[in-house]
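Everything on this sheet refers to the single structure shown next.
Sequence positions, counted from 1, serve as the residue numbers for this chain. Note that ligands are numbered from 1 as they come in the structure, with each ligand's atoms numbered from 1 the same way.
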Amino acid sequence: MEKSSFLANLECGWCRREYEPDRLWNLCPDCGKPLLARYDLRAVARAVSPRDLPGREPSLWRYRELLPLRSDRFKLSLGEGYTPLMRAYRLEKEIGHGPLFIKDEGLNPTGSFKARGLSLAVSRALELGIKSLSIPSAGNAACALSAYAAAAGLEAHVYLPADVPRPFITECRVLGAQVHLIDGLITDCARAAREDLEKYGRFDVSTLKEPYRLEGKKTMGYELAEQMDWALPEVIVYPTGGGTGLVGMWKAFEELEKLGWIGSKRPRLVTVQAEGCAPMVKAFHEGKEFAEPWSEASTIADGLRVPAAVGDFLILRALRESRGTAVAVSDREILEATYLLGRTTGIWPAPEGGATLAALRRLQQEEWIKDGQSVVLFNTGNGARYSRLWD
Ligand SMILES: *Cc1c(COP(=O)(O)O)cnc(C)c1O
């Protein structure tokens, strides 16, 4: 039998207890923290090398051996991942910092990098026999779940804040999902979803509450390495909500080093949040291991309106291990940077993408970062769905 996945077990990110990987799990049954997929990396290193990659499909599935799906029969792909990494020459001139790259995640199916995580999570749920899926979301994750559930023929229930911009709702409906609008924030959506989960026996694909969205999002780390010819940038600026992408990339770099594909040099990771919802920034600067939930969270960057994250300790650990930092920017700075990014690159960014540029400018002023240090900004989504912003 051809072995297409080298998934070995699931390990709790907190208590390190191990779990059997071919059953469905949410959080660690023992301590309630996220489970992380572990692979037989020695076997992966024997099976594949960077030289094998150039001929492979231009999606995240090019890293097939490092993904958890057992059988390709259940693979759901809409062209997610392998997004371009663009050098932003005009923006470099404008702000006086280079080299500067944009990883444009807005080109993913349903317009955001949420497609990466949900491609894997839904494929794996399909493989393990799930029929109905549920997600609380600020918008983008709901669209991505709707798309992959439609591709799989599974039922999707999406729980969105009632004030989410209309295009997100429309897209979920067109893709066949059941839309539940909830008064409140994403944490209130999570509560409503949880009540229904128990009642109807649905599987919860909230971020980091099942192990495979992380596996989809970690591929951003593989791509950066491959696209930069196996030399990572000096700084990565990442708009952090639940932190899946940041934690995922940190995990990806560790895996690549164990495979011998990169050395031990790592980028410094920067978390950006909005001043109106900055639980990670606060916890980072206070030296805490966990973040306290943020009250009255508010920002124009919907994906950053996440008052509490189950993976908080994983985010804080990655920031510290990388000698990175955390920055909070105002909605006004976010909006200005979003327009600046747009008019100098040709990319219509999501405000979360704009936030990364606002953070970079802050780090320039504070001289935390110096001209000549290579920086990658993540534009995590396409701006078009954020209808309220542009009116
Ligand atoms: C979800 C989302 C984020 C936050 O992503 P995490 O990996 O959960 O921190 C950032 N930007 C956009 C556009 C999002 O949809």
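- Of the candidates Ala355, Gly248, Gly243, it is Gly243 that places a heavy atom closest to atom 9 (O) of ligand 1.
- For ligand 1, none of its N or O atoms has an N or O atom of Ser112 under 3.5 Å away.
- Counting atoms of ligand 1 from 1 in the listed order, those under 4.0 Å from a heavy atom of Gly245 are 7 (O).
- The one candidate from Glu254, Glu234, Glu257, Glu321 that meets the salt bridge (charged side-chain N to carboxylate O under 4.0 Å, His left out) condition with Arg266 is Glu257.
- Between the side chains of Thr299 and Asp331, at least one donor N or O sits under 3.5 Å from an acceptor N or O.
- The closest side-chain donor-acceptor pair between Tyr159 and Asp188, if any, does not fall under 3.5 angstrom.
- For the side-chain hydrogen bond (donor to acceptor under 3.5 Å, both in side chains) with Tyr39, the lone residue among Glu65, Glu215, Lys258 that qualifies is Glu215.
- For atom 8 (O) of ligand 1, the nearest protein heavy atom (residue, atom name, distance) is Gly242 N, 3.1 Å.
- Phe113 CZ, 3.3 Å is the protein heavy atom nearest to atom 5 (O) of ligand 1.
- For Phe378, no heavy-atom contact with ligand 1 is shorter than 4.0 Å.
- Between Tyr238 and ligand 1, a contact under 3.5 Å exists for at least one N or O pair.
- In terms of N/O distances under 3.5 Å, ligand 1 is not approached by Ala350.
- In Thr244, the parts holding a heavy atom less than 4.0 Å from any atom of ligand 1 are both the side chain and the backbone.
- Backbone and side-chain nitrogen or oxygen atoms of Gly241 are examined, and one is located within less than 3.5 angstrom of a nitrogen or oxygen of ligand 1.
- With no hydrogens or angles considered, no side-chain donor-acceptor pair links Tyr89 and Lys93 at under 3.5 Å.
- Taking every heavy atom of both residues into account, Leu232 and Lys265 meet most closely at CD1-O, 4.0 Å.
- The aromatic rings of His157 and His180 are tilted relative to each other, their planes meeting at an angle between 30° and 60°.
- In this structure, Tyr386 has a heavy atom closer than 4.0 Å to ligand 1.
- In terms of polar-atom proximity, Asn140 is counted as a contact of ligand 1, with an N or O under 3.5 Å from an N or O of the ligand.
- At least one test fails for Arg16 against the ring of Trp14: distance under 6.0 Å to the centre or angle within 45° of the axis.
- Under a cutoff of 6.0 Å and an axis angle of 45°, Arg62 and Tyr82 form a cation-pi pair.
- Within ligand 1, the atoms closer than 4.0 Å to a non-hydrogen atom of Pro239 are 4 (C), 9 (O), 10 (C), numbered from 1 in the order shown.
- For ligand 1, the atoms sitting less than 4.0 Å from at least one non-hydrogen atom of Gly303 are 3 (C), 4 (C), numbered in the order shown with element in parentheses.
- With a heavy-atom cut-off of 4.0 Å, Glu105 does not touch ligand 1 at all.
- Atom numbering of ligand 1 starts at 1 in the shown order; those under 4.0 Å from a heavy atom of Lys114 are 1 (C), 2 (C), 3 (C), 5 (O), 14 (C), 15 (O).
- For the residue pair Ile102 and Ala88, the shortest heavy atom distance occurs at CG1-CB, 4.0 Å.
- The cationic group of Arg362 does not satisfy the cation-pi geometry with Trp368, failing either the under 6.0 Å distance to the six-membered ring centre or the 45° limit from the ring axis.
- Ligand 1 lies less than 4.0 angstrom from a heavy atom belonging to Thr240.
- Nearest protein heavy-atom contact of atom 13 (C) of ligand 1 is Thr380 OG1, 3.2 Å.
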